[in-house]
Asks: 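Handing you this structure, nothing more for now.
Just so you know, these numbers come straight off a predicted model, no measurement behind them. Chain naming here is simple, since letters A, B, ... match the order of the sequence lines and numbering starts at 1 in each.
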2 protein chains.
Amino acid sequence: MASKQSTQHKILDAAQSLFAETGFNDTSLRQITSLAEVNLASVNYHFGSKKELIQAVLQRYLLVLMPRLDQEFIRLLAAQQPNSISQVLSVFVKPLLELNKVHQNGTRMFLQLLGRGYTDVQGHLRWFFNHHYGAVLDKLVLLVQQACPALPPSELFWRLHFSLGTVVFTMASNEALAEIAEADFNENVDIEGVILRLLPYLSAAIAAPVPTIAQFSQTAPVAAGEGR
Amino acid sequence: MASKQSTQHKILDAAQSLFAETGFNDTSLRQITSLAEVNLASVNYHFGSKKELIQAVLQRYLLVLMPRLDQEFIRLLAAQQPNSISQVLSVFVKPLLELNKVHQNGTRMFLQLLGRGYTDVQGHLRWFFNHHYGAVLDKLVLLVQQACPALPPSELFWRLHFSLGTVVFTMASNEALAEIAEADFNENVDIEGVILRLLPYLSAAIAAPVPTIAQFSQTAPVAAGEGR
DNA sequence: TTTAGATTCAAACGTACATTTCAAACAGGT
DNA sequence: ACCTGTTTGAAATGTACGTTTGAATCTAAA
């Protein structure tokens with residue numbers, strides 16, 4: 001059944017699974033074409049190169065996710081009074097879960113792939129991402145800034161990246177974590193449950209009080225800078 | 001100057017830099033021996049294999065760090081009243097920064113390597129780590145449990161893993177993040193600064209209020225809580 | 001000085017990789 | 001049925017990898 005997919009589709013499906021599991025550089029085109037049951041040369045025929053295949057795998061999700069996120073951000077930015085940090089983070093939930101319509105386990109797949117894009121050395125991916133979706137993320141930064149006016153821009157920058165790490169790492173090891181959680185706590189853990197657990201964690205983290213200079217001076221003379 | 005190191009030492013130094021920067025699988029022995037200015041075969045002669053070299057690079061730091069952490073944990077566990085979550089997390093700072101005595105930029109190197117160990121696919125490393133240092137980490141779990149008695153065990157489990165993700169991901173992409181931060185905010189970002197930024201973030205996150213069942217049901221109207 | 005063990009060296013081994021080539025198979029419009 | 005452009009196929013190209021080999025060189029005790 002389901003063998004009447006196009007070669008391109010079969011390649012994309014096989015590639016995303018292997019990429020998510022093993023990383024981009026550690027997954028060979030031979031593994032991909034073998035799993036997809038297509039000829040080795042077809043990757044270069046249909047996608048040009050391995051690099052472009054990686055980008056195509058991500059684009060399948062980004063083209064669905066980012067416009068959805070963008071419209072949510074625009075909606076929040078139009079609000080009269082600033083939104084709370086947990087309101088801002090909440091808008092991620094539905095768009096992310098809708099990636100499950102793109103593909104089975106699409107949400108988990110996408111988030112794992114996103115993590116690989118950051119931890120593997122893929123300069124072309126960073127450029128690709130910022131070039132296509134930088135504007136959307138700028139809106140997010142603005143929203144968080146409004147939600148947490150006490151945060152200096154540089155502190156906000158770091159906390160957003162800390163949060164990205166939380167999400168990405170959790171999704172990367174989701175399978176193992178879910179297994180342990182179910183064995184130890186008898187809890188049925190799906191991707192939605194994990195995302196909902198993340199919300200209060202991240203909300204509290206991003207809005208955490210900023211230590212004063214005095215507190216810093218103990219072990220570290222870090223200049224708390226203001227950005228521009 | 002400083003050319004009178006043993007071949008093993010030169011290999012370890014070169015390997016840790018390249019491993020931290022590029023990952024374990026994406027760094028070749030030829031790159032390592034070329035940077036170390038030693039013969040290609042000497043890695044296999046002195047360490048046996050690439051796997052064992054990876055473990056040796058990590059052991060140089062773990063043998064210093066873990067006993068220090070262990071004694072800190074034992075000290076905290078002996079306290080009369082339970083320690084706060086930020087007290088518990090604070091004990092990581094000094095032992096981590098003392099890794100700079102093991103080697104220049106030792107702290108950053110070690111944390112990046114730790115991140116690589118989790119994100120790269122290195123089954124042997126996971127086993128190696130749990131086998132040697134599982135008992136130390138059990139003490140940490142106990143301390144956090146005492147600091148946050150309101151947290152159900154399953155929630156604590158997830159939040160500790162969220163936090164591990166924060167640290168590991170941040171260190172894995174530390175170079176890129178530091179570059180951006182310096183370019184955008186004119187901040188000199190060293191590893192100590194990042195660690196000190198992580199403390200309040202993680203403290204607030206781990207101790208975040210646990211949402212009630214009712215709050216879960218909608219899309220997530222999570223109350224923005226105050227830390228501790 | 002001799003000698004035995006530890007270390008270094010250049011070269012090769014076998015394997016795996018991304019990519020290219022070009023002929024074969026296929027498709028749909030005429 | 002014929003042709004044209006698209007897709008697939010098997011094989012080969014050149015490069016890089018981890019590891020092994022065996023001779024050359026060093027080191028230090030006898």
Side-chain angles (χ1 to χ4, degrees), chain A residues 2-60 113 116-117 120-125 127-128, chain B residues 2-59 113 116-117 119-125 127-128:
Chain A
S3 62
K4 203 61 228 87
Q5 309 172 91
S6 69
T7 299
Q8 300 189 37
H9 197 119
K10 287 194 284 185
I11 292 174
L12 285 175
D13 284 356
Q16 72 170 358
S17 298
L18 293 170
F19 282 156
E21 198 173 324
T22 324
F24 297 120
N25 294 334
D26 293 344
T27 300
S28 71
L29 294 185
R30 284 171 171 81
Q31 290 175 265
I32 293 169
T33 53
S34 163
L35 177 61
E37 295 180 298
V38 300
N39 188 268
L40 169 62
S42 53
V43 170
N44 286 284
Y45 174 76
H46 285 289
F47 297 95
S49 69
K50 188 179 178 181
K51 269 189 190 177
E52 287 163 286
L53 172 62
I54 293 173
Q55 295 174 8
V57 165
L58 278 170
Q59 270 290 50
R60 202 155 53 143
L113 292 169
R116 294 292 180 186
D120 293 15
V121 182
Q122 300 285 338
H124 66 102
L125 263 190
W127 182 92
F128 174 83
Chain B
S3 63
K4 202 62 229 89
Q5 311 171 88
S6 69
T7 298
Q8 301 190 36
H9 198 120
K10 286 194 285 184
I11 291 175
L12 286 174
D13 285 355
Q16 70 171 357
S17 297
L18 293 170
F19 283 156
E21 195 174 326
T22 324
F24 297 120
N25 295 334
D26 293 344
T27 299
S28 71
L29 294 185
R30 284 172 173 81
Q31 291 176 265
I32 293 169
T33 53
S34 162
L35 177 60
E37 296 180 296
V38 300
N39 189 270
L40 169 61
S42 54
V43 169
N44 287 285
Y45 175 76
H46 285 288
F47 297 94
S49 67
K50 188 179 177 179
K51 268 189 192 179
E52 288 163 284
L53 172 61
I54 294 173
Q55 295 174 9
V57 165
L58 278 170
Q59 269 290 52
L113 292 168
R116 294 291 180 187
T119 56
D120 292 15
V121 181
Q122 298 286 338
H124 66 102
L125 263 190
W127 180 92
F128 175 83

Asks: Within the pair A/Ser28 and C/dC17, is there a side-chain N or O less than 4.0 Å away from OP1 or OP2?
Replies: yes
Asks: Please round to the nearest 0.5 Å and tell me the distance separating atom CD1 of A/Ile32 and atom NZ of A/Lys10.
Replies: 14.5 Å
Asks: With rounding to the nearest 0.5 angstrom, report the CD1 to CG distance, B/Ile11 to B/Leu29.
Replies: 9.0 Å
Asks: Which atom pairs, one a donor and one an acceptor, fall under 3.5 Å between side chains of residues 35-46 of chain B and the rest of the protein, sequence neighbours left out?
Replies:
unit_1, atom_1, unit_2, atom_2, d
B/Asn39, OD1, B/Ala41, N, 2.9
B/Ser42, OG, B/Asn39, O, 2.4
B/His46, ND1, B/Gln8, NE2, 3.4

Asks: Shortest non-hydrogen contact from B/Leu113 to B/Ala20?
Replies: CD2-N, 3.7 Å
Asks: Among residues 31-49 of chain A, which ones have heavy-atom contacts with DNA chain D below 4.0 Å?
Replies: A/Asn39, A/Ala41, A/Tyr45, A/His46
Asks: Is it true that a side-chain atom of A/Gln31 and a backbone atom of A/Ser28 form a donor plus acceptor pair closer than 3.5 Å?
Replies: yes
Asks: B/Leu29 CG to C/dT8 C1': how many Å, rounded?
Replies: 16 Å
Asks: Both B/Gln8 and B/Arg30 contact DNA chain C. Which one's nearest nucleotide lies toward the 5' end?
Replies: B/Gln8
Asks: Can you name the closest pair of heavy atoms from A/Glu52 and A/Phe47 and give their distance?
Replies: CB-O, 3.1 Å
Asks: Which is the 5'-most and which the 3'-most nucleotide of DNA chain D that has an atom under 4.0 Å from a heavy atom of chain B?
Replies: D/dC17 to D/dT21
Asks: Looking at B/Asp26 and B/Arg116, is any side-chain nitrogen of the basic one under 4.0 Å from a carboxylate oxygen of the acidic one?
Replies: no
Asks: Can you find a pair of side-chain heavy atoms, one from B/Phe24 and one from B/Lys50, that are under 4.5 Å apart?
Replies: no
